[in-house]
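Single-structure report; data block below.
The first residue in the sequence is number 1, and the count goes up from there. Here the structure is a predicted model, which is why all the values come from computation and not from measurement.
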Amino acid sequence: MSERKPAPTGPRLRVVIEPEVAIGPGKADLLEAVRDTGSISAAGRKLGMSYRRAWLLIDELNQHLGAPVVEAQTGGAKGGGASLTATGAEVLTRYRNMEAVCRQAIAADMQALRNLIRRNQRQK
């Protein structure tokens, strides 16, 4: 089965690089899963999505970024596989950096909202 985690608290960043090109938490998680598993199908299973859905998301990035983010190897003695390209690794690194900067930028406001929730729950 899939290893889906509960959605983290904090910002969920979706970056529209150009009108047709965007990356968000789902695509970033998919790129990480391909990197970690060496397979598009295993990455899809890990994230609870079909191979077709995983492949379509990767193909969308491959088409719109001007260079592939994932290279797939078919068949062979080892049964094929997939790996991030240098472009894919850079896209993932830059996206995760942007997430970290956003989390840091809103940390005080997030804590204030958590405190507000706790305060309101105690007043019930």
Inset, instruction - Show the numbers, then the answer: is there a side chain to side chain contact (heavy atoms under 4.5 Å, CB included) between T85 and V70? - result: CA-CA 5 Å; T85 62; V70 170; 5.9 Å; no
Inset, instruction - Evaluate the side chain to side chain contact (heavy atoms under 4.5 Å, CB included) criterion for residues L57 and M49: first the C-alpha distance (whole Å), next the side-chain angles of each, then the deciding distance (0.1 Å), finally the verdict. - result: CA-CA 11 Å; L57 290 171; M49 70 175 69; 4.1 Å; yes
Inset, instruction - For N97 and R94, test the side chains for any donor-to-acceptor distance below 3.5 angstrom and give the result as yes or no. - result: no
Inset, instruction - Taking atom types as modelled, find out whether R45 and S50 have a side-chain donor-acceptor pair closer than 3.5 angstrom. - result: no
Legend entry - From E71 atom CD to N62 atom CG, the distance as rounded to the nearest 0.5 Å: 9.0 Å
Inset, instruction - To the nearest 0.5 angstrom, please state how far the CG atom of L92 sits from the OG1 atom of T87. - result: 12.5 Å
Legend entry - Same apolar cluster (I L V M F W Y, side chains within < 4.5 Å links), V101/I17: no
Inset, instruction - Check for a donor-acceptor pair, side chain of S83 on one end and backbone N or O of G38 on the other, with a separation under 3.5 Å. - result: no
Legend entry - Y95 side, atom OH; L13 side, atom CG - distance, nearest 0.5 Å: 4.5 Å
Legend entry - Separation between CG of L56 and CZ of R53, rounded to the nearest 0.5 Å: 7.0 Å
Inset, instruction - Using distance alone, with no hydrogens and no angle criterion, decide if S39 and S41 have a side-chain donor and acceptor under 3.5 Å apart. - result: yes
Legend entry - Note: R12-E99 ion pair, threshold 4.0 Å (strictly below): no
Inset, instruction - Using the side chain to side chain contact (heavy atoms under 4.5 Å, CB included) rule, take L113 and D109 through it: C-alpha gap first, then chi angles, then the decisive distance, then the call. - result: CA-CA 6 Å; L113 289 174; D109 289 319; 5.5 Å; no
Inset, instruction - Measure across L30 and A54 and return the closest heavy-atom pair with its distance rounded to 0.1 Å. - result: CD2-O, 3.5 Å
Legend entry - K46 to A33 - nearest heavy-atom pair and separation: CD-CB, 4.2 Å
Legend entry - Side chain K27, main chain A22, donor-acceptor under 3.5 Å: yes
Inset, instruction - Over all heavy atoms of both residues, which pair between P11 and I106 is shortest? Give the atoms and the distance, please. - result: CD-CD1, 3.4 Å
Legend entry - Shortest non-hydrogen separation from I40 to A72 and the atoms involved: CD1-CB, 4.4 Å
Legend entry - Neighbour count above 12 (heavy atom, 6.0 Å) for R14 CZ: no
Inset, instruction - Answer yes or no: are there more than 12 heavy-atom neighbours, outside Q111 itself, under 6.0 Å from its atom CD? - result: yes
Inset, instruction - Working to the nearest 0.5 Å, report the span between OG1 of T9 and CZ of R114. - result: 4.0 Å
Inset, instruction - State whether R96 and D29 are salt-bridged, where the test is any N-O pair (Lys NZ or Arg NE/NH1/NH2 against Asp/Glu carboxylate O) under 4.0 Å. - result: yes
Inset, instruction - Supply the atom-to-atom distance Q121 CD to R119 CZ, rounded to the nearest 0.5 angstrom. - result: 11.5 Å
